[in-house]
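Notes for the one structure printed next.
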Number of protein chains: 2
Amino acid sequence: MRNEKIDSTVPRPKNGEKLPRGHVQEHALRYMRRGLMVGAFLPGQVMSLRKLAAGLGTSPMPVREVLSRLVAANALEETKGGSVRVPRLGPEKLNDLFAVRETLEGMAAEMAAKKSTPALVAELAAVNKQLLTAIGKRDILNCLSLNQRFHFTLYEASGSEVLMPLIESLWLQFGPTMYISLLIPSMPWNASDHEEILTGLKENNAAMVKKWCVHDIRTTCKALLSVAGSQGIELPFARALEWQFDTDN
Amino acid sequence: MRNEKIDSTVPRPKNGEKLPRGHVQEHALRYMRRGLMVGAFLPGQVMSLRKLAAGLGTSPMPVREVLSRLVAANALEETKGGSVRVPRLGPEKLNDLFAVRETLEGMAAEMAAKKSTPALVAELAAVNKQLLTAIGKRDILNCLSLNQRFHFTLYEASGSEVLMPLIESLWLQFGPTMYISLLIPSMPWNASDHEEILTGLKENNAAMVKKWCVHDIRTTCKALLSVAGSQGIELPFARALEWQFDTDN
DNA sequence: TGGTTGCAAATGTGATCTCATATTGTGATC
DNA sequence: GATCACAATATGAGATCACATTTGCAACCA
């Protein structure tokens, strides 16, 4: 993953080429989701419709639709004035969120384990190897990205079209808070749970996979809570942050 | 609940009165959600942006935003042409959906039981009494509505702001299919599980509440599967149905 | 100096318009 | 009579506009 400056402008058709229907919206949605997941938008930050549209080089129209979807997915919340902002998660809601994560992702992990294939194990092992490398290099952004890829690859293997959107909604909710909070202390990254998950998959031990997946989630929750203030994550230098990220997913 | 013909027109301010911000959208959203829950929209039916807007007496704009949200909540799916339609649920997805229901709603029921109050039990008992009356009168529409109120009242008591939206998303997904399928046979309505839930609440037995809540869901799933074809619910007379419903929720 | 009021910029909402595309209906052809 | 092509219509996406409300800021008063 290259952390090069994003070209937020919507890719236009080169010269008289076809442009797919709903192309702008799709791009805007990816941009927003990626931004939320990678910490480009801070908890509490209000998103201006017009500014976002200007940043993307489009009219406010597609952005409105995208923001609506994100509000519906609880990734954003609307203020009394109709604006939307990134939710600030207090400890109690963080606990709620991660309790549901344990339930839902534990279920997905168990389902995935029951239909595991050598190909899946190989892919997960490869991702985890990259993750270990990123950890070794203290490359936090890649740690987060690869950790997400590991989990989602596993959950996708469950084959449930119902579970995935729900899990994605949860990740979008805690994403901004997590990605910001992990910048404060030097997070002691640890992929040992992932190794246990891989072992469980190889042994076709669904219960073991579920157990360590839940353990991984619980560990993450504790880490987040240890740095989360009562009013959610607060960063004195938050405003100074301006993440640059790319949109390839 | 009165099943009078809905006045789909957006309520306008009487005479120079204040009109709340986002009033039209809110009305449209309620209209759509209600319609999905009460079987006004059939699985497979495509929703035309302009027709819906015309029916509501507004411009397509608010409707677009509402449809976006419903798509994000997986209550609607978009066709290749960009239109949206009510999803048709096959048996496998129905199973998926109800497996997640068991997990999520079982969790909510358990949480609710742990913080149950006499007031909650009284309210649930009252709703269930109405439900029994509706069953006795073979008032299917009220059965569905009251059954929903029973479950949601229970889940709300869990106090989880994370769980509720997810559960609502699930209900919106199977709502149309369920409300249509229950019109085919004379469904043997049975609220005995609800009685067990009430007993469990009174005895502060969270495990019992969860157990019977899951049992209730599983029973519903079996009933749905028994009438669902391989391509989702099919009704020869589907097109002839035109439900009239009111929007008070 | 602290709180309040008033004005101006910014913002979201809803409507209207254009355009490219998808859908549908009709007619010609095999 | 069925199929395919083409035209007419319908539809969604995106842009632009108008307006009421909210927000932010600054001047002003206590």
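We name chains A, B, ... by the order of the sequence lines, and we start the count at 1 in each one.
- The 5' end of DNA chain D is approached more closely, in terms of each residue's nearest nucleotide, by B/V84 than by the other of A/P62 and B/V84.
- Closest approach of B/L163 to B/M111, counting heavy atoms only: CD2-SD, 3.9 Å.
- Between the P atom of C/dA10 and the NZ atom of A/K51 lies a distance of 8 Å, rounded to the nearest Å.
- Across the protein-nucleic acid pair, A/E78 atom CD and C/dT11 atom C1' stand 14 Å apart, rounded to whole Å.
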For this session: Could you check B/R69 against B/E65 for salt bridge (charged side-chain N to carboxylate O under 4.0 Å, His left out), going step by step and ending with a plain yes or no?
Result: CA-CA 6 Å; B/R69 295 190 182 213; B/E65 222 132 326; 5.5 Å; no
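- A straight line from CG of B/L49 to P of D/dA10 spans 15 Å, rounded to a whole angstrom.
- Rounded to an integer number of Å, the gap from A/Q25 CD to D/dA15 C1' is 14 Å.
- You'll find the side chain of B/T153 reaches within 4.5 Å of the side chain of B/L120, heavy atoms only.
- Of the candidates D/dG14, D/dA15, D/dG12, D/dA15 carries the atom nearest the A/T58 side chain, counting heavy atoms from C-beta on.
- Rounded to whole angstrom, the span from the CG atom of B/L52 across to the P atom of D/dA10 amounts to 17 Å.
- With D/dT11, C/dT16, D/dA13 as the candidates, the nucleotide lying closest to the side chain of B/M61 is C/dT16.
- Out of D/dA15, C/dT23, C/dG12, the shortest distance to the side chain of B/K80 is found at C/dT23.
- On a pure distance criterion of 3.5 Å, a polar donor-acceptor pair joins the side chain of B/R64 and the base of D/dG14.
- When distances are taken from the side chain of B/R50 to each of D/dG14, C/dT13, D/dG12, the shortest belongs to D/dG12.
- Comparing A/G81 and B/G81 by the nucleotide of DNA chain C whose heavy atom lies nearest to each, the residue mapping closer to the 5' end is A/G81.
- Residue B/S59 places its side chain closer to C/dT16 than to any other of D/dG12, D/dT16, C/dT16.
- The side chain of A/S83 approaches C/dT11 more closely than any other nucleotide in the set C/dT13, D/dG14, C/dT11.
- Base pairing annotation: D/dA13 forms a Watson-Crick or G-U wobble pair with C/dT18, both donor-acceptor distances under 3.5 Å.
- The CE-P distance, from A/M47 to D/dT23, rounds to 17 Å in whole Å.
- In summary, A/R33 and A/E168 engage in a salt bridge, as defined by a charged side-chain N under 4.0 Å from a carboxylate O.
- The CZ atom of B/R85 sits 15 Å away from the P atom of C/dA22 (whole-angstrom rounding).
- Summarising the geometry, the separation between CG on A/L56 and P on D/dA15 is reported as 11 Å, rounded to the nearest angstrom.
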Problem set entry | Check against side-chain hydrogen bond (donor to acceptor under 3.5 Å, both in side chains), B/H151 and B/Y155 | CA-CA 6 Å; B/H151 281 268; B/Y155 304 149; 2.8 Å; yes
